[in-house]
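Naming: A, B, ... by sequence-line order, numbering from 1 per chain.
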Amino acid sequence: MINKIVRSIAEALEGVRDGSVVLIGGFGSVGQPDALIEGLIEQGAKDLVCVLNNAGVGRVGVAKLMELGRVRKIVCSFPRSSDPVVFETLYREGKIELELVPQGTLAERIRAAGAGIPAFFTATAVGTPLAQGKEAREFNGRQYVMETALRGDVALIEGWEADRWGNLTYRGSGANFNPVMATAADLVVAQVQHIRELGELHPHMIGTPGVYVDRVVQVDRGAPWV
Amino acid sequence: MINKIVRSIAEALEGVRDGSVVLIGGFGSVGQPDALIEGLIEQGAKDLVCVLNNAGVGRVGVAKLMELGRVRKIVCSFPRSSDPVVFETLYREGKIELELVPQGTLAERIRAAGAGIPAFFTATAVGTPLAQGKEAREFNGRQYVMETALRGDVALIEGWEADRWGNLTYRGSGANFNPVMATAADLVVAQVQHIRELGELHPHMIGTPGVYVDRVVQVDRGAPWV
Amino acid sequence: MKPFSREEMARKAAHDIPEGWCVNLGIGIPTLVANHVPPEREVIFQSENGVIGMGPAPAEGEEDPWLINAGKQPITLVKGASFVGHADSFAMIRGGHIDLCVLGAFEVAENGDLANWATSVNDTAPAVGGAMDLAAGARRLWVLMEHTTKDGRPKLVERCSYPLTGLACVTRVYTNLAVLDVVPGQGFVVREMAPGVDFDMLQAKSGAKLHRPS
Amino acid sequence: MKPFSREEMARKAAHDIPEGWCVNLGIGIPTLVANHVPPEREVIFQSENGVIGMGPAPAEGEEDPWLINAGKQPITLVKGASFVGHADSFAMIRGGHIDLCVLGAFEVAENGDLANWATSVNDTAPAVGGAMDLAAGARRLWVLMEHTTKDGRPKLVERCSYPLTGLACVTRVYTNLAVLDVVPGQGFVVREMAPGVDFDMLQAKSGAKLHRPS
């Protein structure tokens, strides 16, 4: 019997190694796998590369992971927030690397990694500092830059419901980076708010087929929690 | 008030010009926009390039369109069927061009067109006759070929339900090429079996947002019809 | 001189959006545009985080914690709304399926170049979000901004001095002093001026040549 | 000599699939594999047209016209099944998320090259379907085929003479005479032979050097 449901956050994060590239889902607080991020803080892996849209708020979650000196590099589109103090301080002091990627290019680079595409061309960032050093090429009279696949060793994501096959549904705007990140890492770990029996999730409501998911952990409180 | 629902097949196909590249959804008979294909036969456009997975069965639908001499070229992955007599005859006589594309490359080239990606690299077809003449390139020690976006002037697709915004749901395995083709043509026309009030379709059940759809026509009998 | 207020700028832009367009509004002033679309006119508001069909802000206390926009503010849905993930949302944006994007800006050049993400290349922690994707992908890009900086320097310029967001992408600018089109091969063409503003005054506050409508 | 029947070949392959794998079965003989997976072992069958979690064929008269597999035959779903469109289905295939693909073949070379889509470059109306995507994308590729052609020519070869489907992709071959692994740097390694078949007989019917397991 396939059963991807594990009983604890610690079990869900077993084997995450130092130096891992960690994809972290969510946009704002919605769909952000808070319990798994807290678990990663506990777990102890360091020298991490974190790939996510923002660079942490206040001194919790990813910001705390950074403050503890466990993050070598952030790959993100928007390292600002209502309270980006930890990242800004580390960045100013040269203690953290930043790879700034346009949000759509970030999503597409991750999709490419999940879809077996090593590189693709996009018009985004052409003529801007973010295209510097990248291969440029013209197609049908328009300029494009080449972007490469961005893959993780680990993906930490949040879903709304899961079954034992690892099938996931999403709620509201909670999909965001989660389904694409689920396709692009060697170890995909999902926190969800509800576990359902196999067959209870409508085939057309499943946003991430279990094929992509390695471990599922149910948490009593996600953020936001309903 | 946005209202993409038109009253007849003729109205749905108004303006389709000679020489158009026509994307046609469906896989087997499932999700195949039969009524729109019949309508295209009536409508009269010729010198067409048809992009679809198969090349027609028997002497109906796309096979009939070909038999009438209205199709200049077929772009497909599998020009065989239980009864491919029309295509085989025309092909043997040199009266129709064939661009054979691996099924996944076909889907991905159409997706690329819809996502603003002029070209991408894939490992599919490397070392085979279908990679001949294509730009090859190595990434991380593996060989890939470059494939380019494949866009339509028109897309004919089938959904299960629609609302007046053009939002579509799909049923069973009826999605197949339909949602991706909906993103990659100047004029996207959908036949559906059921029209629903705006707000009746669950936001997470909508497989193609109406943003992609130009015209919707309800047909009493699709194929297969339930 | 009676400059347009932010609400008036937003109202003018809203008025110019025809029914049926799919529109992405940047964070800040552009967000106001949604409030001014006439209620009988259906416009579909898209948000980068995968919401298609945003409605007005929820009443206080009625926020759904699972529903936010790209600015991370709580939102509502309208009938007909749907959701996609980030990959599909930006495929929609980059593939040319957004009729209009409205953004703020630091500078707009007469060839339509946009600078709106970094005020210097040495910015501490530069942040770009989805601006470059929208600039490259939206069918039209309108800018809502003050006509000059707080210290009076023009924001309409011959050539942007700040790092670019996108090339030749801006098609119209709504400022507190005027509405201008960016016409390829010509530059800024004045469509409307605020009460008490005349062409010479507007030109004096602009860093690029302005044109009268032909 | 008592060659394996098609059902026996399918049963052997099915027996070798561990629980939890996501498996794509090609049309033809490979389809039989699904019938032989022990009922207590959960294997997820994926079909190129976007079905993840296919069950057994429906009883006659109970076909759902909206549910077919890549071979266009009616299917059922198992609990836990889900649907995607073609773009996502092939992203799954090409991105390495299918644990195993089982295909038929015209020829398999000792380096794992596969030829299974066209018997000559001048084929009338060549058809490839999803075979090249599966060959390039699946984590493992097993072939089920007769050991020789109808007129006795070997289908295990040093180098394929027919147009290739994919390079160095086949990892195991089930024929009516034997089960062989394709080992990188070595070639065909015999794992099992049908009753009454011996190594020399098998070698005589093969176009490439066979190896005994070490």
Side-chain angles (χ1 to χ4, degrees), chain A residues 25 27-31 53-55 76-82 84 87-88 91-92 98 100-108 110-112 114-115 122-131 142-144 160 170-183 207-208 223-226, chain C residues 27 47-52 54 63-77 81 83-96 113-118 120-121 123-137 160 162-169:
Chain A
F27 184 87
S29 59
V30 181
N53 192 59
N54 296 75
C76 77
S77 88
F78 208 79
R80 287 197 198 131
S81 69
S82 51
F87 174 77
E88 296 251 317
Y91 183 74
R92 213 163 26 233
L98 169 66
L100 190 70
V101 183
Q103 199 171 144
T105 297
L106 185 62
E108 191 66 24
I110 297 167
R111 185 204 177 260
T122 177
T124 294
V126 166
T128 79
L130 297 191
R142 189 174 182 188
Q143 285 292 322
Y144 295 85
W160 173 245
Y170 297 102
R171 177 173 172 151
S173 64
N176 56 67
F177 278 100
N178 290 304
V180 74
M181 285 181 170
T183 69
T208 290
W225 184 74
V226 176
Chain C
I27 56 183
S47 183
E48 293 99 295
N49 56 326
V51 185
I52 305 153
M54 281 190 291
E63 297 88 355
D64 176 346
W66 289 86
L67 268 188
I68 61 169
N69 64 15
K72 288 147 197 173
Q73 301 161 307
I75 55 166
T76 58
L77 298 181
F83 296 112
V84 293
H86 252 78
D88 288 342
S89 176
F90 277 91
M92 183 179 281
I93 290 168
R94 293 147 63 108
D113 285 0
L114 170 69
N116 84 339
W117 68 287
S120 107
V121 285
D123 239 23
T124 323
V128 68
M132 288 185 181
D133 307 290
L134 286 159
C160 293
Y162 292 137
L164 291 183
T165 306
L167 298 175
C169 50

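Between C/His86 and A/Phe177, the ring planes are parallel. Angles under 30° get that label, and only those over 60° would be called perpendicular.
Contact count against chain C (heavy-atom pairs under 4.5 Å) is highest for A/Ser173 among A/Ala175, A/Gly28, A/Ser173. Interface summary for chain C: among A/Leu130, A/Val101, A/Leu106, the most heavy-atom pairs under 4.5 angstrom belong to A/Leu130. Interface summary for chain A: among C/Ala115, C/Gly137, C/Ala70, the most heavy-atom pairs under 4.5 angstrom belong to C/Ala70. Between chain C and the residues A/Ala107, A/Pro102, A/Ser81, the largest count of heavy-atom pairs under 4.5 Å involves A/Pro102. Heavy-atom pairs under 4.5 Å with chain C peak, among A/Gly127, A/Gly207, A/Ala55, at A/Gly127. Annotation: maximal heavy-atom pairing with chain C below 4.5 Å, among A/Met181, A/Arg142, A/Arg111, occurs at A/Arg142. Highest contact tally toward chain A, considering only C/Ala91, C/Ala135, C/Gly129, is held by C/Gly129 [criterion: heavy-atom pairs under 4.5 Å].
C/Leu67 touches chain A through backbone and side chain together, each having a heavy atom under 4.5 Å away. Interface residue A/Val180: only side-chain heavy atoms are found under 4.5 Å from chain C. Heavy atoms closer than 4.5 Å to chain C are found nowhere in A/Asn178, neither backbone nor side chain. For C/Ser47, no part sits under 4.5 Å from any heavy atom of chain A, backbone or side chain. Residue contact with chain C, scored on non-hydrogen atoms closer than 4.5 Å, is absent for A/Tyr170. Only the side chain of C/Val51 comes within less than 4.5 Å of a heavy atom in chain A; its backbone stays farther off.
A/Thr124 places no side-chain N or O within donor-acceptor distance of the main-chain N or O of C/Ala136, the cut-off being under 3.5 Å. Formation of a donor-acceptor pair under 3.5 Å by the C/Asp113 side chain with backbone atoms of C/Leu164 is not found in this model. Remark: the backbone N or O of A/Val30 is paired with a side-chain donor or acceptor of A/Asn176 at under 3.5 angstrom. With C/Asn49 contributing its side chain and C/Ile68 its backbone, the two residues share a donor-acceptor pair below 3.5 Å.
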### Task
Check the pair A/Gln103, A/Phe78 against side chain to side chain contact (heavy atoms under 4.5 Å, CB included), reporting the backbone distance first and the verdict last.
CA-CA 8 Å; A/Gln103 199 171 144; A/Phe78 208 79; 5.7 Å; no

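The CG atom of C/Asp88 sits 9.5 Å away from atom CD of A/Glu108, with the distance rounded to the nearest 0.5 Å.
The shortest side-chain heavy-atom distance between A/Asn54 and C/Lys72 falls under the 4.5 Å cut-off. A heavy-atom distance below 4.5 Å is not found between the side chains of A/Thr122 and C/Phe90.
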